[in-house]
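Below, read A as the first sequence line, B as the second, and so on, with proteins coming before strands; counting in each chain starts at 1.
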Amino acid sequence: MIGSLNPQQQAAVTLPTGHALVLAGAGSGKTRVLTTRMAWLIQGGQVSPFGLLAVTFTNKSAREMLTRLSALLPINTRGMWVGTFHGLCNRLLRAHHRDAGLPQTFQILDTADQLSAIKRLLKAAGIDDDKFPPRDVQRFINGSKEQGLRPDDVDAYDAHRRGLIDLYRQYQVQCEREGVVDFPELLLRAYELLLRNAPIREHYQRRFQHILIDEFQDTNDLQYRWLKLLAGGGASLFAVGDDDQSIYAFRGANVGNMAAFEREFAQGNVIRLEQNYRSYGHILDSANALIAHNAARLGKNLWTEQGEGEPVRICEQGTDLLEAQWVGDEIRALVSGGHSRRDIAVLYRSNAQSRVIEHTLFSSGIPYRVYGGQRFFERQEVKHALAYLRLVANPNDDTSWLRVVNFPARGIGARTLEQLGDLAKEQGSSLYAAVSAMGGKSGAKLGTFVQLLSDLSEQSSVLPLPELIEHVIHHSGLRDHYMGEKEGADRLENLQELVNAATVFVGEEGLMGEPASARMGPSSDALEFPDAGVAPPSQSALDSFLSHASLEAGDNQAQAGEDAVQLMTVHAAKGLEFDCVFITGLEEGLFPHENSLTEQGGLEEERRLMYVAMTRARQRLYLTLAQSRMLHGQTRYAMRSRFLSEIPEEHLKWLTPREQQRTVPDPVSWGGAYRRGDAYARSPATLAPRTAARSLTTGVTVGEQHFRVGQGVAHARFGEGTIIGLSGTGTDAQAQIQFRDVGTKTLALGVAKLAIVQG
DNA sequence: AGGAACCTTATTTTT
DNA sequence: TAAGGTTCCT
């Protein structure tokens with residue numbers, strides 16, 4: 001089992017009991033070490049499969065871990081605690097819902113559900129949403145929870161803050177009443193449950209002797225505390241991560257947890273996995289050199305036994321369109337040179353960049369697949385069907401109620417719902433419970449809806465889940481509604497797919513106990529606690545399925561199948577690898593993104609993002625950029641990304657002239673100026689240079705002055721500086737100027753009085 | 001209740 | 001540019 005591992009991997013796998021930090025570089029066999037460690041612990045009799053807890057961030061990696069574990073050991077992984085933070089907390093809360101103060105059938109709000117719950121709250125409270133935009137409120141609530149803070153714990157330093165705290169408080173009351181729980185609440189509730197309930201805490205502390213965490217650099221403060229608490233009874237924490245690949249600070253991840261973990265737990269017990277099995281030397285050395293520009297690092301240098309391979313290729317084009325066309329040409333050459341399209345990835349910093357690339361690939365007939373986009377369980381029609389199902393499980397779920405009470409239309413209008421809302425508020429009840437107090441015509445209509453729900457509920461106790469869903473789709477009127485819709489065919493297909501998903505789900509449950517992602521059934525845990533009272537009945541298939549739908553939003557990966565080029569953001573590429581990788585848009589303002597420059601530690605995070613992107617490539621890495629690009633309906637001129645100059649020239653091969661263009665080039669001479677690269681000399685058919693974009697201007701003229709990127713300017717107050725970005729035309733034109741003494745400023749060229757400095 | 005017209009905004013995303 | 005939201009009109 002461990003014979004084929006390198007010495008560092010072996011050392012990590014066979015570490016004696018105690019806390020340890022494994023710094024696992026990109027492509028160093030991290031998942032392998034993690035799963036082999038689990039297998040090794042079990043096989044050596046050091047721990048039973050049930051004494052292990054393994055935590056991941058995505059369902060995908062949890063699944064992979066289980067798959068690889070069962071390939072290593074002939075054990076049944078069923079019932080093992082391997083899953084996402086949210087999945088495991090859900091399981092914990094289901095088993096101890098009473099102690100956690102939750103109804104047994106609590107529903108999970110996804111991000112969109114939560115936002116609509118907040119909007120509803122603001123409306124009901126008559127809050128001015130200019131002052132408190134729902135998104136800000138959501139960010140505040142989730143941010144607080146992720147730091148483990150309840151409304152009373154949050155610092156109320158000004159009036160606006162007090163307003164937010166008050167909304168947070170009201171929101172909690174609303175969730176409580178409706179029996180719903182949002183994502184961060186799953187974690188916080190579970191944390192508080194363990195913190196406050198000593199018997200339960202001690203039980204799990206005793207049970208889990210080994211806790212393993214994947215992607216530790218992505219943990220937030222609450223997750224770290226949760227782990228510490230759970231390990232408080234003497235468990236060994238085995239944390240695997242890579243601080244250089246921390247790219248999720250914007251959603252609360254705290255890289256600092258790695259250093260903290262080393263200090264508080266690992267205490268020198270740190271193993272570095274630095275041998276890379278993925279990329280050739282030039283690629284690795286480029287990535288190493290780039291990331292070395294970051295100051296706050298735990299320190300790590302990847303190396304490979306493979307040769308240096310090919311240099312990193314750089315190509316600069318005049319426009320985003322030319323850049324995309326060049327990428328398309330090069331892909332065609334790579335494919336005719338024998339590469340599969342599925343082994344080629346085009347990466348970009350922001351989703352908006354995919355448009356031009358898609359357009360180009362589409363018109364050149366190159367099959368491609370875009371990662372990301374809408375997930376299955378997030379589709380409108382699927383959410384509608386799920387809302388009916390959720391109301392069956394819990395009619396007090398006002399979010400679901402409002403979603404479908406009048407969909408398909410049944411003549412229940414805004415006035416009626418407003419009235420109903422008032423009644424519910426009066427009696428402090430859910431909308432469902434308030435229906436009986438409604439009289440008149442609208443009361444009757446609502447009564448019919450309630451009757452529908454109770455019919456569905458009745459069916460839910462006799463029909464198997466897939467049939468129940470079928471029944472719901474039919475009797476709710478969703479089917480007829482979409483049949484009558486022009487574009488309804490796809491939606492109907494998705495509804496059928498929902499039935500299929502339920503069939504698969506139920507089948508897996510019967511076959512192997514509970515499915516990996518929703519394992520939370522009648523675990524023996526609850527039985528061991530006298531205060532848990534009567535053993536809770538097994539969760540119904542419907543309840544498990546609803547949790548599954550919330551916790552696993554469905555595929556957002558491009559499907560396997562047709563051999564297609566892979567398009568995705570750099571974030572989405574984390575954890576993946578390809579033979580050939582194009583990183584596009586290497587321009588200041590885009591990558592690194594301009595917004596990052598004002599954030600604390602933002603530039604370093606962008607650099608880590610670039611590092612992640614580069615280390616995706618096995619054989620060949622391309623970095624491309626455009627001198628001008630259409631952004632927000634305006635043409636923008638930008639400088640080369642600083643990241644390009646952070647890679648030593650010895651690893652680079654410029655396919656276009658390296659000399660820094662001080663000005664936006666003349667379009668005619670520039671358009672075809674690139675060399676073909678040398679992708680595959682055997683495919684000369686693709687070598688024809690492209691003609692230039694017809695109307696590429698060379699900068700911005702305002703008044704008599706002509707401004708270009710890279711040009712020196714002087715301002716009466718700010719002094720001398722260099723233009724690093726231009727956008728807009730005429731009186732709208734703006735320049736981003738880096739001043740020698742006062743930093744970077746954005747000035748309106750029509751207003752600012754600038755002198756052009758010669759040279 | 002549905003559609004057209006208008007306005008605003010625009011980084012990254014998993015659970 | 002273009003998507004999403006809101007408002008206003010029929």
Side-chain angles (χ1 to χ4, degrees), chain A residues 55-62 83-90 108-115 119 129-130 133-135 139 142 145-146 181-188 190 214-215 218-220 222-223 246-253 320-321 347-356 359 371-375 377-378 406-415 485 517-518 547-557 568-575 585 589-599 602 605-606 608-610 612-613 629-636 727-728:
Chain A
V55 199
T56 63
F57 276 88
T58 65
N59 293 298
K60 192 178 158 209
S61 40
T84 62
F85 277 103
H86 293 86
L88 295 171
C89 287
N90 176 51
I108 301 166
L109 298 183
D110 68 20
T111 311
D113 297 331
Q114 186 190 28
L115 188 62
K119 282 181 180 163
D129 46 0
D130 281 337
R135 283 187 181 284
R139 197 172 324 125
N142 290 351
K145 289 184 179 185
E146 279 160 11
V181 159
D182 58 45
F183 284 136
E185 184 74 17
L186 282 172
L187 293 174
L188 185 50
D214 192 16
E215 306 277 18
D218 289 340
T219 51
N220 64 33
L222 180 57
Q223 286 159 343
S246 162
I247 56 173
Y248 285 115
F250 71 90
R251 65 176 199 215
D320 49 350
L321 183 61
L347 310 185
Y348 34 83
R349 175 63 180 83
S350 71
N351 285 305
Q353 288 169 255
S354 78
R355 264 184 43 97
V356 204
H359 176 82
Y371 275 54
Q374 217 184 22
R375 320 278 225 64
F377 286 112
E378 288 166 357
N406 196 36
F407 191 97
R410 26 179 94 81
I412 299 173
R415 294 174 312 284
E485 216 179 45
S517 55
S547 295
H548 169 77
S550 304
L551 290 173
E552 183 156 14
D555 235 348
N556 110 85
Q557 315 277 300
M568 68 194 83
T569 64
V570 176
H571 282 90
K574 184 164 164 237
L590 192 56
F591 202 3
H593 197 278
E594 55 191 345
N595 294 2
S596 75
L597 300 178
T598 54
E599 291 162 13
E605 175 133 328
E606 294 288 302
R608 290 193 292 268
L609 202 46
M610 180 67 184
V612 167
R629 143 177 339 264
M630 204 56 155
L631 205 66
H632 308 330
Q634 288 190 322
T635 304
R636 282 191 19 159
S727 67

Determine whether the side chains of A/Thr58 and A/Ser61 contain a donor N or O and an acceptor N or O closer than 3.5 Å.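 Present: a donor and an acceptor within the cut-off.
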Can you find a side-chain donor-acceptor pair between A/Asn142 and A/Gln114 that sits under 3.5 Å?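 Per modelled atom types, A/Asn142 and A/Gln114 side chains form a pair under 3.5 Å.
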Ignoring hydrogens and angles, does a donor from either the side chain of A/Thr111 or the base of B/dT14 sit under 3.5 Å from an acceptor on the other?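 Under the 3.5 Å cut-off, the side chain and the base do not form any donor-acceptor pair.
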Taking ring-ring contact (aromatic ring centres under 6.0 Å, His included) as the test, write out the residues that go with A/Phe57, two or more places apart.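 Here the qualifying residues are A/Phe85.
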Separation of atom [atom1] in [X] from atom [atom2] in [N], rounded to whole Å:
{"X": "A/Leu186", "N": "B/dT14", "atom1": "CG", "atom2": "C1'", "result": "13 Å"}
{"X": "A/Lys60", "N": "B/dT15", "atom1": "NZ", "atom2": "P", "result": "10 Å"}
{"X": "A/Arg135", "N": "B/dT13", "atom1": "CZ", "atom2": "P", "result": "14 Å"}
{"X": "A/Leu109", "N": "B/dT14", "atom1": "CG", "atom2": "P", "result": "19 Å"}
{"X": "A/Leu222", "N": "B/dT14", "atom1": "CG", "atom2": "C1'", "result": "15 Å"}
{"X": "A/Leu187", "N": "B/dT14", "atom1": "CG", "atom2": "C1'", "result": "12 Å"}
{"X": "A/Asp113", "N": "B/dT15", "atom1": "CG", "atom2": "P", "result": "15 Å"}
{"X": "A/Glu215", "N": "B/dT13", "atom1": "CD", "atom2": "C1'", "result": "14 Å"}

In chain order, what residues pass the side chain to side chain donor-acceptor pair (under 3.5 Å) check against [X], with sequence neighbours excluded?
{"X": "A/Asp110", "answer": "A/Lys383"}
{"X": "A/Arg410", "answer": "A/Tyr388"}
{"X": "A/Glu594", "answer": "A/Arg636"}

Protein-nucleic acid N or O pairs under 3.5 Å, nucleotides 6-12 of chain B:
unit_1 : atom_1 : unit_2   : atom_2 : d
B/dT11 : OP1    : A/Asn595 : ND2    : 3.1
B/dT11 : O4'    : A/His593 : NE2    : 3.3
B/dT11 : O2     : A/Arg349 : NH1    : 2.9
B/dT11 : O2     : A/Arg349 : NH2    : 2.1
B/dT11 : O4     : A/Glu599 : OE2    : 2.4
B/dT12 : OP1    : A/Asn351 : N      : 2.6
B/dT12 : OP1    : A/Asn351 : ND2    : 2.8
B/dT12 : O4'    : A/Arg349 : NH1    : 3.0
B/dT12 : O2     : A/Arg349 : NH2    : 3.3

Any [X] side-chain nitrogen or oxygen under 4.0 Å from OP1 or OP2 of [N]:
{"X": "A/Arg375", "N": "B/dT13", "result": "no"}
{"X": "A/Arg251", "N": "B/dT15", "result": "no"}
{"X": "A/Asn59", "N": "B/dT15", "result": "yes"}

Atom P, compared across B/dT13 and C/dG4: separation rounded to whole Å: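 Those two atoms are separated by 15 Å.
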Could you give the distance separating B/dT12 and C/dG5 at their P atoms, to the nearest angstrom?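 Nearest-Å result for C/dG5 against B/dT12 at atom P: 16 Å.
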Using the benzene-type ring in the case of Trp, are the ring centres of A/His571 and A/Tyr348 under 6.0 Å apart?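 Centroid distance A/His571-A/Tyr348: not below 6.0 Å, so no.
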Any carboxylate oxygen within less than 4.0 angstrom of a Lys/Arg side-chain nitrogen, looking at A/Glu146 and A/Arg251?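 Salt bridge absent between A/Glu146 and A/Arg251.
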Got a salt bridge between A/Arg375 and A/Glu552, using NZ or NE/NH1/NH2 to carboxylate O under 4.0 Å?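 Here A/Arg375 does not pair with A/Glu552 in a salt bridge, since their nearest N and O are not under 4.0 Å apart.
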Among C/dT1, B/dT15, B/dA1, which nucleotide sits nearest the side chain of A/Asn406?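 Of C/dT1, B/dT15, B/dA1, B/dA1 is nearest to the side chain of A/Asn406.
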At 4.0 Å (heavy atoms only), tell me whether A/Ser550 reaches a base, stays on the sugar-phosphate, or touches nothing.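 The residue A/Ser550 makes no contact with any strand.
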Hey, which of A/Thr569, A/Asn595, A/Leu590 is the one that makes side-chain contact (heavy atoms from CB on, under 4.5 Å) with A/Ser350?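 Of A/Thr569, A/Asn595, A/Leu590, side-chain contact (heavy atoms from CB on, under 4.5 Å) with A/Ser350 is met by A/Leu590 alone.
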Shorter than 3.5 Å, N or O on both sides, protein versus nucleotides 6-10 of chain C: list them out with atom names.
none

